[in-house]
Protein chains: 2
Amino acid sequence: MKQGTIPKATVARLPLYLQCMQSMAPTETTVSSETLARMANLNPANVRKDLSFLGSHGVRGVGYDRLHLCMQIKLELGLIEAWQVIIVGVGNLGSALANYGGFEAAGFDVVGLYDADPEKIGMEFHGHMVRPVSALASDIAGSPIAMAIITTPALAAQEIADTLVDCGIRSILNFAPAVIQTPPGVECRHVDLATELQILSYYQARQA
Amino acid sequence: MKQGTIPKATVARLPLYLQCMQSMAPTETTVSSETLARMANLNPANVRKDLSFLGSHGVRGVGYDRLHLCMQIKLELGLIEAWQVIIVGVGNLGSALANYGGFEAAGFDVVGLYDADPEKIGMEFHGHMVRPVSALASDIAGSPIAMAIITTPALAAQEIADTLVDCGIRSILNFAPAVIQTPPGVECRHVDLATELQILSYYQARQA
DNA sequence: AGCTGTGAACATATTCACAGCC
DNA sequence: GGCTGTGAATATGTTCACAGCT
């Protein structure tokens with residue numbers, strides 16, 4: 001019931017609950033914290049506490065109405081309208097993400113691809129022509145583009161991020177293997193694929 | 001100095017320190033907790049505490065010897081020898097990851113690609129022929145393959161994971177948009193690309 | 001009876017503050 | 001003087017346990 005500000009850890013789990021509920025059979029109209037917990041590999045109390053931040057939407061003795069809960073989570077996450085997203089860096093990963101259907105499925109529109117390499121300009125992926133990074137500023141100005149995905153090499157990432165921030169982008173998803181510095185007010189998430197394997201390596205190394 | 005068991009949060013940051021140090025000029029032979037903290041967007045005390053779990057490798061008044069620290073971290077993470085990794089699911093993402101140089105750069109060897117789709121069998125990416133998932137068991141048995149990356153559609157992910165676990169794989173990096181259940185002793189990390197955007201959406205929606 | 005919502009207890013993680021050493 | 005290493009303090013996150021509602 002503590003409306004207003006949701007703990008980071010909870011925010012990071014809300015999309016997971018959405019995913020779990022979307023994978024349930026359509027006949028399942030209600031869902032309990034225990035079911036969700038089992039699907040998400042969490043503790044039921046954790047699920048209940050998370051959902052309580054959205055307000056009291058459960059019914060005691062019954063559970064949560066699945067569709068209603070999905071809607072509440074989408075509302076809270078700001079997923080009612082599709083955000084427009086651009087991808088900067090059309091290498092292996094960037095072009096794969098451009099073709100990846102998961103972003104659309106999750107409610108995002110990939111509306112533009114950019115690259116610094118003149119050879120890539122004009123290539124088409126997923127119905128979008130690759131445009132030069134020099135066009136970023138004018139393309140973003142006055143457009144509703146809110147988020148950017150960086151899939152450039154590490155060395156280019158910071159410069160691209162600076163450009164994006166200058167253009168008014170305030171949400172960045174960075175796949176380049178480099179930490180990016182952004183001013184306050186800009187949210188930047190870093191997903192490093194090799195890092196994930198290195199973390200696994202630690203646990204792999206100390207078993208068996 | 002508290003040898004033996006390292007907190008999860010620290011383990012997740014060790015690769016970051018490696019990355020930061022690898023991006024420094026070769027002339028920089030020592031590095032301070034403050035420098036590392038600035039590069040990694042962390043608090044210097046946090047860095048020092050993290051590194052203290054590796055033992056006392058710093059010199060008061062000076063800092064840490066860069067090469068020595070890199071080696072200590074690699075040792076701790078089990079990155080001295082290259083782990084062999086396979087990729088299951090050669091769609092957009094899987095093939096991009098097969099071609100992605102970052103895993104090799106981070107000390108992993110992608111040694112095999114697998115897919116369930118007969119049309120994909122025999123295709124070549126990054127010097128590897130795609131093999132059928134039915135060959136997984138015999139390919140893994142007796143081989144040093146330790147880790148697997150799942151890039152299948154959501155619906156196939158659990159079944160593939162079960163197969164991998166049966167084959168003795170104990171470290172799984174899952175990119176499929178589905179939670180995977182694994183028995184104790186199997187470490188499974190889940191990276192969901194759409195989820196990352198959805199988390200950003202929350203913060204994007206409540207600013208400006 | 002069954003399940004939510006939540007205060008209290010516990011666990012983990014981060015930051016402070018400073019002693020200790022170069 | 002400058003930087004590490006670390007106990008203590010704080011903040012955040014998770015789990016328990018149970019009251020409260022249907």
Side-chain angles (χ1 to χ4, degrees), chain A residues 1-17 20-21 24 28-70 72-73 76 179 199 202-203, chain B residues 1-17 20-21 24 28-70 72-73 76 179 199 202-203:
Chain A
M1 245 298 220
K2 200 183 286 173
Q3 213 69 323
T5 182
I6 300 186
K8 279 176 175 219
T10 296
V11 171
R13 277 188 299 262
L14 291 178
L16 185 60
Y17 299 139
C20 290
M21 285 190 284
M24 287 173 63
E28 311 255 7
T29 129
T30 65
V31 60
S32 70
S33 61
E34 203 188 313
T35 307
L36 266 180
R38 202 169 33 236
M39 295 179 85
N41 279 332
L42 294 167
N43 182 299
N46 202 339
V47 173
R48 290 200 298 277
K49 184 145 283 183
D50 282 346
L51 298 182
S52 78
F53 287 109
L54 310 178
S56 292
H57 296 290
V59 180
R60 291 168 202 232
V62 180
Y64 303 88
D65 180 79
R66 187 162 67 111
L67 263 59
H68 180 255
L69 186 54
C70 281
Q72 284 304 317
I73 293 178
E76 197 63 42
V179 179
I199 296 169
Y202 173 83
Y203 298 102
Chain B
M1 244 293 217
K2 199 182 288 174
Q3 214 69 323
T5 182
I6 300 186
K8 279 177 177 218
T10 295
V11 170
R13 277 188 299 263
L14 291 178
L16 186 61
Y17 299 140
C20 290
M21 285 190 284
M24 289 172 62
E28 312 255 9
T29 129
T30 65
V31 59
S32 71
S33 62
E34 204 189 312
T35 307
L36 266 181
R38 203 169 34 237
M39 295 179 85
N41 280 331
L42 294 168
N43 181 299
N46 201 339
V47 174
R48 290 200 297 278
K49 184 145 283 184
D50 282 346
L51 298 183
S52 77
F53 287 108
L54 309 178
S56 292
H57 297 289
V59 180
R60 292 169 201 232
V62 179
Y64 302 87
D65 181 79
R66 188 162 66 110
L67 263 59
H68 179 255
L69 186 53
C70 280
Q72 284 304 317
I73 293 178
E76 196 64 41
V179 179
I199 295 169
Y202 173 84
Y203 297 102

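Chain letters run A, B, ... following the sequence lines, proteins first, then strands; residues in each count from 1.
For the pair D50(A) CG and dT12(D) P, the interatomic distance rounds to 16 Å; values are reported in whole Å. When rounded to the nearest whole Å, the span between CG of N41(A) and P of dT14(D) equals 14 Å. When the P atom of dT4(D) is taken as reference, atom CG of L36(B) falls 9 Å away, rounded to whole Å. Rounded to a whole Å, the CZ atom of F53(A) is 11 Å from the C1' atom of dT12(D). Whole-Å rounding puts the L51(A) CG to dT6(C) P distance at 12 Å. The interatomic distance linking L42(A) (CG) with dT14(D) (C1') rounds to 10 Å, in whole Å. The distance from atom CG of N43(B) to atom P of dA17(C) is 11 Å, rounded to the nearest whole Å. In this structure, L16(B) atom CG and dT14(C) atom C1' are separated by 16 Å, rounded to whole Å.
Within the 4.0 Å cut-off from OP1 or OP2 of dG2(C), not a single side-chain nitrogen or oxygen of R48(A) is found. Distances shown here put a side-chain N or O of Y64(A) below 4.0 Å from the OP1 or OP2 atom of dG5(C). Contact annotation: N46(A) side-chain N/O to dT15(D) OP1/OP2 distance is under 4.0 Å.
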Side chain to side chain contact (heavy atoms under 4.5 Å, CB included) between M21(A) and M39(A), worked out: CA-CA 9 Å; M21(A) 285 190 284; M39(A) 295 179 85; over 6 Å; no
Working for side chain to side chain contact (heavy atoms under 4.5 Å, CB included), residues I199(A) and K8(B): CA-CA 9 Å; I199(A) 296 169; K8(B) 279 177 177 218; over 6 Å; no
Steps toward side chain to side chain contact (heavy atoms under 4.5 Å, CB included) verdict (D65(B), H57(B)): CA-CA 8 Å; D65(B) 181 79; H57(B) 297 289; over 6 Å; no
Chi angles and distances behind the side chain to side chain contact (heavy atoms under 4.5 Å, CB included) call for R66(B), T29(B): CA-CA 6 Å; R66(B) 188 162 66 110; T29(B) 129; 5.9 Å; no
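The base of dT15(D) sits within donor-acceptor range of the side chain of K49(A), with an N or O pair under 3.5 Å.
Here S33(A) lies in heavy-atom contact (under 4.0 Å) with sugar-phosphate atoms only. Heavy atoms of A45(B) sit under 4.0 angstrom from at least one base atom. Nucleic acid contact class of P7(A) (heavy atoms, under 4.0 Å, all strands): sugar-phosphate only.
For R60(A), the listed nucleotide lying nearest its side chain is dC3(C); candidates were dG13(D), dC3(C), dT15(C). Each of dT22(D), dG13(D), dC22(C) was ranked by its minimum atom distance to the side chain of V59(A); first place goes to dT22(D). Across dT6(D), dT15(C), dC22(C), the shortest atom-to-atom separation from the side chain of S52(B) is found for dT6(D).
Looking at L51(B) and Y17(B), their side chains come closer than 4.5 Å, going by heavy atoms from C-beta outward.
Of the two residues contacting DNA chain D, namely S32(B) and T10(A), the nearest-nucleotide position lying further toward the 5' end is that of S32(B). Ranked by how close their nearest DNA chain D nucleotide is to the 5' end, A9(A) and G61(A) are led by A9(A).
Within 6.0 Å of the CD atom in E34(B), the count of heavy atoms belonging to other residues, nucleotides or ligands does not exceed 12.
No side-chain donor-acceptor contact under 3.5 Å links R13(A) to the backbone of D50(A).
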Might you list the N or O atoms of the protein lying below 3.5 Å from N or O atoms in nucleotides 9-11 of chain C, with each pair's distance?
none

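Between R48(B) and S33(B), the side chains place a donor N or O and an acceptor N or O closer than 3.5 Å (distance only, hydrogens not considered).
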